[in-house]
Amino acid sequence: MSLALFRSLPVSVVQVSLAAVLACGQSFRWTVIPLGSEEPPTHEYRLCLRDRVVCLRQTPEHFYYRAVYPDSQPTHDQVSTREKETVAWIKDYFQLDVDLTLLYQDWSTRDHHFATLQDRFGGIRILRQDPWENLISFVCSSNNNISRITKMVNSLCKEFSPPLLTLESPVADEKHAYHPFPPPSVLAVPEVSAKLRSLGFGYRAEFIQRTAQMLMEAHGTTSKPDAVREPGEIWLESLRKLTTQEARDELLKFHGVGRKVADCALLMSLDKKEVVPIDTHVYQLAVKYYGVKAPSKGKATMSNKIYDEVSAKLHSIWGEYAGWAHSVMFTSDLKSFSSYGLPTPSSSVSISTEEIIKEAVTDTLTKRKRLSDDTIEKTPRIAPQPAVSTTHDLVDTIKKRRRVVRVSGISTP
DNA sequence: AATCAACCGCCC
DNA sequence: GGCGGTTGAT
């Protein structure tokens, strides 16, 4: 598959880094295909929408995009319309009207710790996702990890949504079926929970089915046969027009949706850019870098009070786009211990390890120049040692290293 | 109003 | 023992 079938759109990698943004735990449905090329584009990214599969590649200054449809003989007018729609979708989904460089500047001024990260983790922004898919995806996220959430969401689509089309790999001689995200009406039927259980969803199975059912009961089972979206989906999207608290109150009514999941949906699909979702991980970061007091009883479950305090604190530090800044923080920590999302573990681990080593050295040097600063610098995450075989090995390596570093007194208490 | 165990499944 | 938590009961 040559680049000839793709069209280009001028988008700097400074504004959007597909490699980071599409694999950092916002959306769980993008497939990443390594192209085996040394020069960019190195990967192709694909997402199945309701009526088309969007394919993206990235070079330093451009997106290359195309969309694939089920029918093979579109009219001339269709081609033209679809082209416009795809471009419009890309601009909307990636929120290209938002200038990330201005935001990074602002955050760096407000937050010294952010400033130490901005160069290595550029192009990280919030996607503007479909609210229904976003909500259900994050219902899956409770007590869970990104790897498994991804598997669950994909099996959800495969099981409950017929394939829109099949598409060959650009490199290997193999075909892959692309399934849209199933609509509320499909997941609302009672038998769904048992099926989800059998698919390994655990206690989240009932949450998903009940949430879908609630949405159907509250906002109509009747959608016109030719309607693209169901009433429940349209209602969910209408929450964009409400205030943050009003929209949050609505989301919290659903089963499996607590404060954290609601906040993720508010930030990632309902335009609430100031919302900072607090998970255990972000909580740790807040304790480490932003003077939030550590949980008193070791690892107590996050109370509403603590949640509000931490979220408000980070909001006040980062400002109007605090939720966006949060995603940079979150992703920076993710990337430092995982090459998740890149389908060639060995090669990508070694690549990112190289980068990390380089940055770690830089950090160490920086830190020694400012030992008086009370800001805790990033500790060297990975020693210049042989590549690790798995993500977990990598995590363990980092954990051990952190302990060593702490004991040796390099890190500020 | 604030705490706390239980909850699925998968990995260490 | 722990995951990017939520629920229902105290």
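None of the values given here were measured: they were computed from a predicted structure. Below, chain A is the first sequence line, B the second, and so on; all start at residue 1.
Using a cutoff of 4.0 Å between basic side-chain nitrogens and carboxylate oxygens, A:D97 and A:K91 are not scored as salt-bridged. The pair A:E233-A:R50 meets the salt-bridge criterion, with a side-chain N (NZ, NE, NH1 or NH2) lying under 4.0 Å from an Asp/Glu carboxylate O.
Using cut-offs of 30° and 60° on the angle between ring planes, the pair A:F94 and A:W30 is tilted. The aromatic rings of A:H62 and A:Y64 sit tilted relative to each other, their planes meeting at an angle between 30° and 60°.
The P atoms of C:dA9 and B:dC8 are separated by 15 Å, rounded to the nearest whole Å. Rounded to a whole angstrom, the distance from the P atom of C:dG5 to that of B:dA1 is 25 Å. Look at the P atom in both C:dG4 and B:dC4: the space between them is 23 Å, to the nearest Å.
In this structure A:Y104 satisfies the ring-ring contact (aromatic ring centres under 6.0 Å, His included) test together with A:W107, A:F114, sequence neighbours excluded. Partners of A:E133 according to the salt bridge (Lys or Arg N to Asp or Glu O under 4.0 Å) rule, which considers only residues two or more places apart in sequence or in another chain, are A:R29.
For A:R148 against B:dC10, a side-chain-to-base donor-acceptor contact under 3.5 Å is absent.
Judged as a salt bridge (Lys or Arg N to Asp or Glu O under 4.0 Å), not a single pair has a partner in residues 9-23 of chain A (not counting sequence neighbours). A ring-ring contact (aromatic ring centres under 6.0 Å, His included) check over residues 232-277 of chain A, counting only residues at least two apart or in different chains, returns the pairs A:H219-A:W235.
Whole-Å rounding puts the A:I208 CD1 to B:dC8 C1' distance at 12 Å. As a whole-Å value, the separation of A:N304 CG from B:dA2 C1' is 9 Å. One interatomic measurement links the two molecules: CD of A:E309 to C1' of B:dA2, which rounds to 13 Å at whole-angstrom precision.
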Protein heavy-atom contacts under 4.0 Å, written 5' to 3' over nucleotides 5-10 of chain C as B (base), S (sugar-phosphate only) or - (none), form the string BSS---
Encoded 5' to 3' (Watson-Crick or G-U under 3.5 Å; [ ] crossing; | other strand), DNA chain C becomes |||.||||||
